[in-house]
> 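There's a structure below that I have some questions on.
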Amino acid sequence: MSFPGAGLAKGLAVTLRTMTRKTVTAQYPDAQPSLPPRSRGVIALLEENCTVCMLCARECPDWCIYIDSHKETLPAADPNARARTRNVLDRFAIDFSLCMYCGICIEVCPFDALFWSPEFEYAETDILELTHERDRLREWMWTVPVPPALDPAAEEPKEIASARKAADKLAAAAAAALEQGGDAQ
Amino acid sequence: MNLFDTVLRCVATLVVFLTLPLVIGQTEHKVMAHMQGRLGPMYAGGFHGWAQLIADGVKFAQKEDIVPAGADRRIFQLAPAVSLLPYLFVLLAIPVGPDGFVGQAIDAGLFFVLAVMGVGVIGKLMAGWASANKFSLLGGLRTAAQLMSYELPMVLAAASVAMAAGTLSLPGIVDAWQWYWIPWQIIGAFVFFTAGLAELQRPPFDMPVADSEIIFGAYTEYTGLRFALFLLSEYVGILVVSALTAVLFLGGWHGPLPDQLGWLWTLLKTFALAFVVIWLRVTYPRLREDQLMRFAWTVLIPLALVQLALTGIIKVAIS
Amino acid sequence: MSAAALLAATGPLDPAARSFLSPTGVEIVFLLVGIAVLGSAVVAVTTKQLVHAALWLVAALGGLAVEFLLLTAEFVAWVQVLIYLGSVVVLVLFGLMLTKAPIGRSPDADSKNRWVALVVALASAGTLVTLVVDAFRTSWIDLGAGGGSAAVTGASLFRTWVLPFEALSVLLLAALVGAIVLSRGAGRRVPAPRSGRIRAGRPVGSNGTVAQRAAAAPPAEAPETAPAEES
Ligand code: SF4
Ligand code: SF4
């Protein structure tokens with residue numbers, strides 16, 4: 001079935017067919033791209049959650065997270081207790097001209113204070129502007145999408161699993177109590 | 001032919017020389033893009049980037065005209081003109097429609113066209129040598145080698161048509177054309193078109209300008225307008241080779257429409273062939289230098305000789 | 001007989017019917033182009049810049065084509081362009097590039113034979129000029145349009161002059177065969193460097209050393225190269 005030049009003809013057919021198909025180009029500034037969930041655009045900070053544990057700053061391979069804080073002493077609620085101290089965030093900044101979007105800071109934050117946002121249009125004409133201060137990082141929080149739903153076959157999230165276990169136990173206890181009560185009557 | 005007529009023909013040829021290559025270039029932008037699943041230029045000029053090449057021209061005109069320090073100044077500067085102008089003269093001789101719809105009917109037009117096209121290559125050689133750059137020199141060498149190998153099959157294929165028509169004049173050849181020439185001269189058409197492609201250094205025969213290994217061959221050192229002139233000469237070359245193939249092998253203005261619309265047929269056939277040129281460029285990878293030479297000497301020349309023999313036999317048989 | 005055929009094609013011979021003192025435009029152009037051709041030819045042989053010499057040759061040969069055109073020998077003019085400009089000069093340039101002709105002057109581009117060459121050139125030019133002047137004297141050839149068209153040239157070439165034409169082609173064939181025989185060289189064969197394998201102890205691409213050693217000890221190399229050539 002193969003004749004000389006069949007491969008050449010096949011190549012021509014491929015290019016011709018591609019020409020009649022729709023192109024895959026997305027005309028970006030005119031049409032916004034539809035980014036996949038978990039796109040790494042910019043890092044948002046939910047500063048209410050941050051405890052200034054400094055883990056992110058320490059783990060960042062580029063050392064591009066700047067955190068300043070001071071200690072604040074809270075008056076003791078109970079006269080017998082010691083007065084509590086608490087870290088207060090003064091400055092939280094990420095220099096996106098250095099950041100390599102590895103996501104380590106987000107992974108490492110134990111208090112869910114850092115999130116990926118898919119926003120990516122924050123180019124600047126001055127490199128200094130790429131250091132986003134804490135209010136700017138907080139603003140990005142509004143663009144963080146809800147986490148995507150789990151796969152249908154995925155394992156249950158731990159929180160839900162333990163909550164359900166507890167609920168099941170309670171329900172079982174309640175059912176047993178009901179049964180006992182019924183028997184007693 | 002009075003003076004006004006002459007001036008009119010020259011101006012018309014000049015206009016064709018300046019516009020149709022741009023049309024082909026724009027077509028190449030778009031066709032190549034779509035064949036690769038892209039869109040190509042979309043912004044310049046508003047509607048599907050129609051003015052992209054004009055914008056490119058403006059950009060080229062603004063660039064600094066640099067002559068390398070070690071270069072041979074005068075030859076370096078002269079080279080683009082030498083490589084471009086011959087095509088202008090060739091366009092003058094290509095018939096578009098019947099009854100003198102041609103810049104200048106030349107008695108030995110076929111010879112004229114082939115001869116003058118060969119001269120353009122000297123421009124590329126000058127550029128390659130005068131740039132004082134090893135890549136350019138290599139490009140020039142390859143250009144020369146390619147020209148010498150592909151000129152022969154091209155002339156042989158053209159000779160076959162001339163034999164069939166019994167004349168060397170291009171309008172005469174088209175006048176003598178019959179539909180059965182297509183099957184009869186098909187081998188010649190293939191050889192001529194392929195050799196023409198090679199002479200233009202179009203992919204897949206673009207070893208002399210292979211950008212991945214010798215940057216841009218003879219044009220490496222050029223910038224600005226001179227570089228644009230070289231590019232223009234490539235696109236005029238596509239126009240010339242397509243038009244010549246259409247005129248010699250596909251019957252020029254012969255077609256179902258009345259003779260007044262013959263020029264439309266010539267244009268249509270020319271652009272169809274130009275499309276094929278672009279199509280081949282997108283589809284095939286570049287031939288290696290030795291494959292290139294082997295293809296010319298072991299495939300094209302024997303094929304051209306077979307076609308020549310075939311033409312002779314049939315010509316004797318039917319006359 | 002042959003001259004008569006040629007003249008019949010071009011026009012009547014009419015001795016001294018025209019004055020040479022009132023030139024027409026074509027004649028003036030002819031003369032000017034002739035001077036240009038002569039000038040570029042002289043520069044081509046005297047310039048010290050190799051590639052410039054080849055390019056001046058282009059100018060001279062192109063000018064000659066124009067002269068042919070002015071004499072209405074259209075076909076010959078295009079053949080001149082196709083063969084000389086399109087192929088011979090390209091070949092010359094190719095050769096110059098292969099030998100990496102330098103940009104600028106090459107002081108050694110001189111030959112001890114230049115005086116001999118000058119004498120030979122003058123002698124042959126003298127012979128030709130005497131011959132032509134003696135043959136035509138003051139006769140006037142009226143150049144009608146189409147006198148040198150492909151049809152006329154072909155007819156005279158293949159009817160009148162067919163024997164010299166064929167003799168010339170046999171001569172060219174002999175020259176071709178001779179060139180092939182010469183370029184094949186006698187005796188000493190240098191094995192081509194094989195692709196794909198680097199020989200230990202020798203720098204890659206050092207063809208020269210390989211060739212020298214091969215010449216010194218051909219039997220040792222022969223069995224090595226044989227399979228490579230077969231495959
Ligand atoms: S993404 Fe990586 S580089 Fe960027 S701030 Fe976080 S840890 Fe540092
Ligand atoms: S790791 Fe989280 S909680 Fe700790 S400093 Fe960084 S953002 Fe704040």
Side-chain angles (χ1 to χ4, degrees), chain B residues 68-76 78-79 82 86 89 93 106-126 128-134 136-148 151-152 154-155 158 162 166-169 172 199 218 290, chain C residues 47-59 61-66 68-69 72-106 144-155 192 195:
Chain B
D72 193 316
R73 275 193 90 81
R74 255 183 308 155
I75 294 183
F76 185 84
L78 209 61
V82 176
F89 293 120
I106 296 177
D107 171 54
L110 186 58
F111 248 94
F112 169 76
V113 163
L114 292 176
V116 175
M117 271 172 73
V119 173
V121 175
I122 293 182
K124 292 171 190 168
L125 294 186
M126 284 162 68
W129 174 77
S131 297
N133 176 322
K134 292 207 170 93
S136 298
L137 191 68
L138 273 179
L141 272 177
R142 289 179 177 182
T143 307
Q146 195 157 320
L147 175 86
M148 283 186 289
E151 183 94 339
L152 188 57
M154 198 166 171
V155 172
T167 171
L168 282 174
S169 132
E199 208 151 301
D290 59 328
Chain C
T47 181
K48 286 269 166 68
Q49 308 198 28
L50 283 176
V51 175
H52 284 201
L55 294 175
W56 281 113
L57 196 61
V58 170
L61 294 172
L64 264 190
V66 175
F68 281 131
L69 268 187
T72 69
E74 206 189 316
F75 183 75
V76 184
W78 303 140
V79 170
Q80 166 93 5
V81 173
L82 182 71
I83 304 298
Y84 282 94
L85 289 195
S87 308
V88 171
V89 170
V90 170
L91 202 63
V92 168
L93 282 174
F94 184 69
L96 286 179
M97 284 176 157
L98 259 189
T99 52
K100 285 220 219 111
I103 288 176
R105 312 176 151 271
S106 7
S149 67
V152 175
T153 314
S195 57

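Within every chain, numbering begins at 1; the chains are lettered A, B, ... in the order of the sequence lines, protein sequences first and strands thereafter.
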> With heavy-atom distances below 4.5 Å as the criterion, would you say the side chains of T143(B) and V90(C) are in contact?
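Sidechains of V90(C) and T143(B): no contact.
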
> How long is the span from the CD atom in Q49(C) to the CG atom in D72(B), to the nearest 0.5 Å?
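Reported value, rounded in 0.5 Å steps: 6.0 Å.
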
> Rounded to the nearest 0.5 Å, how far apart are CZ of F111(B) and CD of Q80(C)?
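Spacing of CZ (F111(B)) from CD (Q80(C)) equals 12.5 Å.
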
> Chain C heavy atoms under 4.5 Å from A130(B): which part of the residue, side chain, backbone, both or neither?
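When you check distances to chain C, only backbone atoms of A130(B) fall under 4.5 Å.
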
> Where does L98(C) contact chain B at under 4.5 Å (heavy atoms): side chain, backbone, both or neither?
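Both the backbone and the side chain of L98(C) come within 4.5 Å of chain B.
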
> Checking L141(B) against chain C: side chain, backbone, both or neither under 4.5 Å from a heavy atom?
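Both parts, heavy atoms under 4.5 Å.
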
> Nearest 0.5 Å please: distance from the CG atom of L168(B) over to the CZ atom of F75(C).
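Answer rounded to 0.5 Å: 6.0 Å.
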
> Is it the case that atom OH in Y84(C) sees more than 12 heavy atoms from other parts of the structure closer than 6.0 Å?
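Not buried by this count: 12 neighbours or fewer within 6.0 Å.
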
> What is the minimum heavy-atom distance between W78(C) and A115(B), and which atoms define it?
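Minimum heavy-atom separation between W78(C) and A115(B): O-CB, 3.5 Å.
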
> Relative to chain C, which segment of I75(B) carries a heavy atom at a distance below 4.5 Å: side chain, backbone, both, or neither?
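It is the side chain, since no backbone atom gets that close.
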
> Write down the atom of M97(C), the atom of L125(B), and the distance for their closest heavy-atom approach.
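Minimum heavy-atom separation between M97(C) and L125(B): CE-O, 3.1 Å.
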
> Given heavy-atom pairs under 4.5 angstrom as the criterion, report whether the side chain, backbone, both or neither of L114(B) touches chain C.
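Interface part for L114(B): both.
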
> I'd like to check the side chain to side chain contact (heavy atoms under 4.5 Å, CB included) partners of R74(B); sequence neighbours left out, ordered by chain and number.
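By the side chain to side chain contact (heavy atoms under 4.5 Å, CB included) rule, R74(B) matches no residue at all.
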
> Is L96(C) close to chain B through its backbone or its side chain, or both, or neither, when contacts mean heavy atoms under 4.5 Å?
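Answer is neither: L96(C) stays 4.5 Å or more from chain B.
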
